[in-house]
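Step one of this worksheet: look at the structure below.
We count ligands from 1, going down the list as the structure has it; atoms in each ligand are counted the same way. In this text, all values refer to a predicted model and were calculated from it rather than measured experimentally. Note: hydrogens, waters and symmetry copies are ignored here, and every other heavy atom, side chains too, is used.
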Amino acid sequence: MKIFDEIESEVQSYARAFPRIFNRSKGEFMWDEDGNQYLDFLAGAGTLNYGHNNPIFKDILLDYIQNDGITHGLDLHTKAKGEFLEVFNEKILKPRNMEYMVQFTGPTGTNAVEAAMKVARNVTGQQNIVTFTNGFHGVSLGALAATGNSHHRDAAGVSLTGTHRMPYDGYLGDNIDTTEYLDKVLSDSSSGINSPAAVIVETVQGEGGINVASIEWLQNLQAVCRKHKILLIIDDIQAGCGRTGDYFSFEEAGIEPDIITLSKSLGGYGLPFALCLMKPELDQWKPGEHNGTFRGNNLAFVTAKAAIETYWSDNKFSDEIKRKGQYTSERLESIVAKYGDGNFNTKGRGMFQGINCVNGDIAGKITRAAFKKGLIIETSGADDQIVKFFCPLVITDDSLKKGIDIVEEAVREVCAKEDEIPEEKIYFETE
Ligand SMILES: *Cc1c(COP(=O)(O)O)cnc(C)c1O
């Protein structure tokens, strides 16, 4: 269709990697308008943890619309919002002994990050926020200042201020605990680091290349924050909502962030929805001080509530994610051992995984070869060197196996020596 070339901005990105016109989706599958089927291992960059058009949420949503339920509500109290809050409190917060105030921000992740950084600054009276190498927190100016990627940063057009970058876990090598460095500079009045309001961190860096912070590092980070009276903000927009196995990605570390951001899969159905959770004493907002027209996406409240009730009322879903995560790790380990020539390695936690191909050119060849075989899978990392496995968490065992088989084939083709290129195996007819 020529219209995309004619009038859609050059800013498009995913569309370039998967140049098809998609028109239908279900669970872990998508179809283009020619009827070709694709397995989706991109899953809306983590927005479709519960799959495309999840049938349980769809029925509830259709009912709600059919009965003229409120669609847009600014920040008015609505039945849908109240019910979401109740379920979120009963099934997510209370069982985890978490006491937080819930701020409905504008509906994208970057909106929640802006609110988190703003409230941290206003409450502490400090401007500086510590962020980490390879962190990604969104592209509006405040959040962009916390984002590491120069491709995104260079587009800002103004100086990005109010943040200070520190090395993430593993950045300086396996045996260096970078929280010791943070502690050191914060203890030294001559280090040149302004006393920060907060630290903002992802427990697993999604866009930055599936870099996993160790449980111990997260615990040490919290200890350093407490020691220096700095707020700890966990940006759980991508790693949360089950991706690592638990509802919140930091549960395993047993830490208690002061502020948490959620978005992406929070709405459940792929509908825009974001939240900023903060400890009650931090909720010092004045009425309307931080607002937004779309803080009341009631359709998303309805599906978000359904998602929590359906998947988070007991441990079954969490156990399933961990089991599938374990299978994925084993398969990726084996692919790396067979074809990685000692260069590749695996990264990740739960269903948040990737193969580090070290080189973006190779990773790109692998994802392109996989797409030809009917698998939608993207790269991430500073040089796009990571093949990122991000299938819906509700994927069937069969599809999970098939998707990884396709990647294995693709890796084999890309990494094979010239004289041993295997016969091409077709999984889905795509062209
Ligand atoms: C995607 C993402 C954001 C930004 O969310 P948008 O909805 O794209 O604004 C922020 N933080 C993390 C960790 C993300 O993965």
I want to check a possible cation-pi pair here: Lys388 against Phe390, using under 6.0 Å from ring centre and within 45° of the ring axis as the test. yes
What protein heavy atom sits nearest atom 2 (C) of ligand 1, and how far away is it? Lys264 NZ, 2.6 Å
For atom 11 (N) of ligand 1, grab the closest protein heavy atom and report residue, atom and distance to one decimal in Å. Asp235 OD2, 2.7 Å
Could a heavy atom of Gln205 be found less than 4.0 Å from some atom of ligand 1? no
Which residue and non-hydrogen atom of the protein lie closest to atom 7 (O) of ligand 1, and at what distance in Å? Gly109 N, 2.8 Å
Below a 4.0 angstrom heavy-atom separation, can you tell me which part of Ile237, side chain or backbone, both or neither, approaches ligand 1? side chain
Ring centre gap for His52 and Phe29 strictly below 6.0 Å: no
Take Trp312 and Phe317, measure what ring pair (Phe, Tyr, Trp, His ring centres under 6.0 Å) needs, and give me the verdict at the end. CA-CA 7 Å; Trp312 299 100; Phe317 187 53; 5.4 Å; yes
May I ask you to list the atoms of ligand 1 that are less than 4.0 angstrom from any heavy atom of Glu202? 13 (C)
Strictly distance-based, threshold 3.5 Å: is any side-chain N or O of Asp40 a donor or acceptor partner for the main-chain N or O of Glu28? no
For ligand 1, which atoms sit closer than 4.0 Å to a heavy atom of His137? 10 (C), 11 (N)
Do Tyr50 and Tyr269 have ring centroids that are under 6.0 Å from one another? no
Quick check: does any side chain N or O of Asn49 sit under 3.5 Å from a backbone N or O of Cys241, one acting as donor and the other as acceptor? yes
All heavy atoms of Thr161 vs all of Ala145, minimum pair found to be O-CB, 3.7 Å
Go through ligand 1 atom by atom and flag the ones less than 4.0 Å from a non-hydrogen atom of Thr108. 7 (O), 9 (O)
With side-chain contact (heavy atoms from CB on, under 4.5 Å) as the test, pick out the partner of Phe389 among Thr346, Leu42, Ile210, Ile355. Ile355
Atoms of ligand 1, numbered as shown, that sit under 4.0 Å from any heavy atom of Gln238: 14 (C), 15 (O)
Does only the side chain of Glu207 get under 4.0 Å from ligand 1, or the backbone, or both, or neither? Count heavy atoms. neither
Among all protein non-hydrogen atoms, which one is nearest to atom 9 (O) of ligand 1, and what is the separation to 0.1 Å? Thr110 N, 2.8 Å
